[in-house]
Every structure is written in C-alpha cells, then in structure tokens.
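Worksheet: the structure to be examined is printed underneath.
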Number of protein chains: 2
Amino acid sequence: MPKNAAVTRDRIVAAASKLFYGHGIRAVSVDDVAARAGLTKRTLYYHFRSKDDLIAAYLAARDEPTIVIVMGWMDAVQGTLTDKLEAVFAQMARLGRHPKWRGCGFLRTAAELVTTPGHPALKAGSAHKKKLEAEFAGRFAQAGLADPDMRARQVMLLFDGAFSAMLTHRDPSYAEAAGQAAMELVRGEKVKAVKRRA
Amino acid sequence: MPKNAAVTRDRIVAAASKLFYGHGIRAVSVDDVAARAGLTKRTLYYHFRSKDDLIAAYLAARDEPTIVIVMGWMDAVQGTLTDKLEAVFAQMARLGRHPKWRGCGFLRTAAELVTTPGHPALKAGSAHKKKLEAEFAGRFAQAGLADPDMRARQVMLLFDGAFSAMLTHRDPSYAEAAGQAAMELVRGEKVKAVKRRA
DNA sequence: TTGCGTACACTCACTAGTCAGTATACTTTG
DNA sequence: CAAAGTATACTGACTAGTGAGTGTACGCAA
C-alpha cells in the first residue's frame, strides 16, 4: 500500500534521529535506519539521495524543537533573569541524568563530520547554535542587560561546555556549575541598559 | 632487520594520532594506520591487541603533552592571573586558526565513542580533563582565589565550550569571548582567600 | 495506463581481525 | 666456539562480514 510520501519521509527521519543520536552517524548504517523505519534500503534511497542528505535531515528536524524546549525552560520560570538561567542549566542536568542521554546531537555530529567542511549537516548545526544564541540575546536585551549579545555568547559557551563536560565525565553536576557561572556573569551586568539606548 | 619493539610501537601511535585526530576514529581503518606507519596490519596487531587498544594509546599519548602545552601558555605570561587566562584563550584561538586544527581530540573521541561506556579511551579522556582542571585549580589557589576549585571548573567549562563553539562555527573569536568570561569570573573572586584558611 | 512508492537481489569496496610462515637476533649446549 | 634451539619482529594472503549505493520488477492509486 503506497503511503503518502511525506509520512514515509517523516518516519525515516524519525528512525534516523533515534539511531544517529543514540549511536552516532558513522556507527549507524543506512540498512539500520531502513530496518528501524520498517522499509527497505531501496525505499529509503527513493526519499533521500544519500546518507549525507539523511544526516542533514536529521539535524534539520531537531533544530526548531530543541530551541522550543530550551526556551520553554527559560520562559516557564517566573522570576529574575538569573532564576531563568538557573532553571535552564538545572533542566540540562536533569536531561544528563537520563540513561539514554548522549550529549548534544549537533555537537557530536560536528565532531564526527569535521573532515567534510561543506557538509549541510554542519551548516545546520552552526545555524542552530547561532539561533539559540540569538534567542538568549533577545531575552537578555529585554531584561535590560548592557551587552546582551556578549552575554548570550558567554552563556552559549557555558551551555556547550556543559554538554561537553557532562559527556566527558558522565556527571550532570557540571551543568549546575555552568549555571552558576552564567548567573554570575549576568548578575554583574544587570540594569545597565537604561543608560544605553541613546 | 627487526627493530626495537618500543620504537615501532611509538611509530604506530604517532601514525594513529595523526590520522585519528585528523579524520576521526571510525573514519580511519587499521589498514590506514599501518600504511601510514610503514608496516603491515599484521605487525600492528602484533603490537596492539585491537583497534580499541590503539585508540586508548592515541589518547594516552596526547594527555601529558597537551597539559604541558596549555600550562606552558599560562606560565609563560608574567602578570596577573587574568593576564594569564587571557593568554591561554588567545593561544587557543591561534590554534583554531590553523588549517589542520580539528577541535579537541579528547572531546571528539568522547563524542564518537559515547556508546561504549567502559572504553579505556573514554576513561583517558575524562582523566585528562580532570587533570587539566586540577592544574588550573592549583594555579588559582596559589594566586589566592577564595574558591579555586569552583573557578577552575568554570574555566574548564569555558575551555571546552570554546572548543565546541570553534568547531561548530569555525570561528576562533569564540575562544576570545570565552577568555573574557573566564577573566571576569576570576576577577570577581580575587584576594578573598586571605580571610579563608581558618 | 501512467507513474509513484515499494521490495528483492545485487555490486563492489572496505573492515576488523587471523593464519601460517619467515628472517633476524639472542641463548643454550656439546 | 660452533651448532642448535628459541624468542622477537615482521609479512602477504586470507576470512567473514559490513558499507553505501543500484537495477529492475511489481503493485496500487488516480
């Protein structure tokens, strides 16, 4: 029974997402993805030109939902900016405690594909991180920080550092340490913005 | 003419190091390493039990030299602690500008081997990062910071975050941003230690 | 009845690891 | 001290399996 092409495609991406995130890009074969999606490799190649295309689709599918989740953590908290930042990193630590957690899919993909500079998945990863940084910057600007862009960048560095350290040491407390640093950096900056906008 | 075993072993590790760092663990075959070392795969398997052993040897060989380099950056600077930190991250940015730079070998290996929890290479990676953190903590304690361990951890988070962001965006300026954050965190802490030690 | 979506069976290159055997150097023994 | 034996360091050819990607045929829907 031929299904709607978009539905099948989504099923393939969902299978790829589970496997690529869980085991890594190179560790997962196209056959594995096809089997998990419940169809043959030939069908997969009908919907995707190559494995590289599939990898790019995997990260593209993770972009928006990830940002919604992280910003959801932030916006769910009623309180000061530092309260919100604390929540973000606390939630990150919570994720890190889950047995199926395998770090940041974007960073791990960047690490694996480092030798193929123009790869669409790498562009997707870079764009994703920049979007997240911009979201932070927007929140920081609204809260009146003097240099919201700089602070957003610093928080992103702590964010990615926390991912890396949690992965390296399998210890979620690194996320909390990162949260403390983020709070401290932002606290030192508060309320200066009123003088700014000339 | 049979050579000294240690010499050959070192040549294999050197070849593995170049290839694993340059292309990634899974992207490099045992044949590739053997060819680069100028011997046959069978000889490589005479010196190493498995590819996993070779991976572990690769990271083990990078541990000490890496720490010496980073701490060398720090100790080479005559000046305040913040001057030293600025230098560390500036040197990091300089590395990132090199065309052969491929991020942090330890972090990339951790990302690739994430599905094999007990892997000796992962332990080596974790131990390496902890050692570097301890080196920072030692310097911070000597400089009189109130909580050198916490600050060292925060600096390591920025350090690994800078690696990740530089790799993601191919932009060394992230290391400089991380350096600014590190300096700010440490500056807020200075000289409190005199009151501490009860 | 066209063409979209699917499956089976296949290619060919590559992968970790092994088998059996060899040349050289060191050690033991008559 | 010379011959025989043994450990060391090494090789080429191989196995058994996996990798991405493809040629072709078939069924179903509009």
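First the proteins, then the strands, lettered A, B, ... as listed; each starts at 1.
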Check your understanding: Which parts of nucleotides 8-19 of chain C does protein reach within less than 4.0 Å, heavy atoms only, written one letter per nucleotide 5' to 3' as B for base, S for sugar-phosphate only and - for none?
Key -> B------SBBBB
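- Atom P of nucleotide C:dC4 and atom CZ of A:Arg9 are separated by 17 Å, given to the nearest angstrom.
- Taking a 6.0 Å sphere around NZ of A:Lys123, one finds it holds 12 or fewer heavy atoms contributed by other residues, nucleotides or ligands.
- For B:His47, there are no side chain to side chain donor-acceptor pair (under 3.5 Å) partners two or more places apart in sequence or in a different chain.
- Contact between the side-chain N/O atoms of B:His47 and the OP1/OP2 oxygens of D:dC10 is found at a separation under 4.0 Å.
- Residues satisfying the side chain to side chain contact (heavy atoms under 4.5 Å, CB included) test with B:Met74, not counting sequence neighbours, are B:Met71, B:Leu81, B:Lys84, B:Leu85, B:Val88, B:Phe136, B:Arg139, B:Phe140.
- Between the CD1 atom of B:Ile12 and the P atom of D:dA9 there is a distance of 11 Å, rounded to whole Å.
- Contact check, A:Thr8 against C:dG5: no side-chain N or O comes under 4.0 Å of OP1 or OP2.
- Separating the OH atom of B:Tyr46 from the P atom of C:dA23 is a distance of 17 Å, rounded to the nearest angstrom.
- Taking the six-membered ring where the residue is Trp, A:His128 and A:Phe106 present parallel rings, their angle staying beneath 30° rather than reaching 60°.
- A donor-acceptor pair under 3.5 Å is absent between the side-chain atoms of A:Glu189 and the main chain of A:Arg151, judged by distance alone.
- Here the side chains of A:Arg108 and B:Arg108 are not in contact, with every heavy-atom distance at 4.5 Å or above.
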